[in-house]
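In what follows, a single structure is set out as structure tokens and then discussed.
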Amino acid sequence: MNYLHQFLFGIYPYIALAIFFVGSLIRFDREQYSWKSESSQTLNSGMLKLGSPMFHIGVLGLFFGHMAGLLTPVWVWDTLGVTHGAKQLVAMVAGGVMGSLCLIGLLMLIARRLSNDRVCARSTVKDKLVLVWLLATLLLGLSSIFVSASHMDGHMMVLLMSWAQHVVTLRGDAAGFIEEAPLVFKLHLFMGMSLFAIFPFTRLVHVWSGFGAVTYLSRAYQLVRPR
């Protein structure tokens, strides 16, 4: 069991990240025509008008919230005078709000994709896999809030932060920090890491283009001259 834990939380993160970056680069180089969101809005807009914004706002909030919460060094919070318990409470509230928003939007998107014949026929196995994987990851994350509520001292949160920071700084003792973590946290971490692994093989690659669109803010104005 210790070997499995070491692999899943000490080695697997790097495998998932390698697949994420290298796979995305190879797909962009070799299959640019498949690099798209493959929107089905023209087939049926329906719940997409409300479900899509709710899902995207929620998932972006969760992504940046996790980035800030896990990767900001503990000493920064201590310097700012934020106690571990207070940070945990903020993380639980913010994660609950954004997670609920994302969950409602995702359920609407899943219902639309499965209930509309035209959209369902256009969906691939990979599309359905991504939706199910996102749903499972999200439900595990929301479930962890109730587990966190039973220990508001912030200790487990600091251990999760230490794990994430040791992974990104390439230190080999990362897995040891969460060896005693509750199962729901471990499952959530595994599902989240696996999202990065399946990312290059699905329509999720359009996320790269979304972040890349920010560069348009610095581009020069387009000049249009009459003949």
Below 3.5 Å, can you tabulate the donor-acceptor pairs from side chains in residues 88-105 to any protein atom, sequence neighbours excluded?
unit_1: Q88; atom_1: OE1; unit_2: G154; atom_2: N; d: 3.0
unit_1: Q88; atom_1: NE2; unit_2: S148; atom_2: O; d: 3.0
unit_1: Q88; atom_1: NE2; unit_2: H151; atom_2: O; d: 2.9
unit_1: S100; atom_1: OG; unit_2: G96; atom_2: O; d: 2.7

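- Other residues, nucleotides and ligands contribute only 12 or fewer heavy atoms inside 6.0 Å of the CE atom of M67.
- To the nearest 0.5 Å, atom CD1 of residue I145 and atom OG of residue S150 are 12.5 Å apart.
- Counting heavy atoms from C-beta outward, L107 and L135 have side chains that approach closer than 4.5 Å.
- Here the shortest heavy-atom pairing between T79 and W75 reads OG1-O, 2.7 Å.
- Between atom NZ of residue K128 and atom NZ of residue K126 there is a gap of 13.5 Å, rounded to the nearest 0.5 Å.
- Close placement of the F20 and W208 rings is indicated, their centers lying within 6.0 Å of each other.
- When every heavy atom of F9 is checked against every heavy atom of V167, the shortest pair comes out as O-CG2, 4.3 Å.
- With a 4.5 Å cut-off on side-chain heavy atoms, R113 and L131 count as touching.
- With rounding to the nearest 0.5 Å, the separation of CE in M157 from CH2 in W77 is 8.5 Å.
- In terms of heavy atoms, L70 sits closest to Q165 at O-NE2, 2.9 Å.
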Exercise for the section: Decide yes or no on side chain to side chain contact (heavy atoms under 4.5 Å, CB included) for I110 and V132, but give the supporting numbers first. Expected result: CA-CA 9 Å; I110 292 175; V132 172; over 6 Å; no
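- L170 and V22 are members of different hydrophobic clusters when ILVMFWY side chains are connected at heavy-atom separations under 4.5 Å.
- Between A197 and I19, the closest heavy-atom pair is O-CG2, 3.2 Å.
- In this structure, G172 and Q6 approach most closely via the heavy-atom pair O-NE2, 3.9 Å.
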Output a table of donor-acceptor pairs, distance under 3.5 Å, between side-chain atoms of residues 174-195 and any protein atom two or more places apart or on a different chain; print 'none' if there are none.
unit_1: K186; atom_1: NZ; unit_2: E179; atom_2: O; d: 2.9
unit_1: H188; atom_1: ND1; unit_2: T137; atom_2: O; d: 3.0
unit_1: H188; atom_1: ND1; unit_2: G141; atom_2: N; d: 3.4
unit_1: S194; atom_1: OG; unit_2: Y12; atom_2: OH; d: 2.8
unit_1: S194; atom_1: OG; unit_2: F190; atom_2: O; d: 2.9

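- Rounding to the nearest 0.5 Å gives a distance of 8.5 Å between OG of S162 and CG of L160.
- To the nearest 0.5 angstrom, L109 atom CG is 11.0 Å from L114 atom CG.
- By the 6.0 Å contact criterion, CZ on F146 is open, its count of non-hydrogen atoms from other residues, nucleotides or ligands being 12 or less.
- Cluster annotation: I26 and V205 are assigned to distinct hydrophobic clusters (Ile/Leu/Val/Met/Phe/Trp/Tyr, side-chain heavy-atom contacts under 4.5 Å, transitive).
- Under the ring pair (Phe, Tyr, Trp, His ring centres under 6.0 Å) criterion, F28 pairs with W35, sequence neighbours left out.
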Handout entry: Steps toward side chain to side chain contact (heavy atoms under 4.5 Å, CB included) verdict (L50, M108)
Key = CA-CA 8 Å; L50 181 60; M108 293 177 70; 3.8 Å; yes
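- Of the candidates T202, L204, I198, W133 forms a side chain to side chain contact (heavy atoms under 4.5 Å, CB included) with just one, namely I198.
- The closest donor-acceptor contact from the side chain of K87 to the backbone of G69 lies under 3.5 Å.
- Between H84 and V158, the shortest heavy-atom distance links the atoms ND1-CG2, 3.6 Å.
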Handout entry: Steps toward side chain to side chain contact (heavy atoms under 4.5 Å, CB included) verdict (L17, F21)
Key = CA-CA 6 Å; L17 286 174; F21 286 112; 4.2 Å; yes
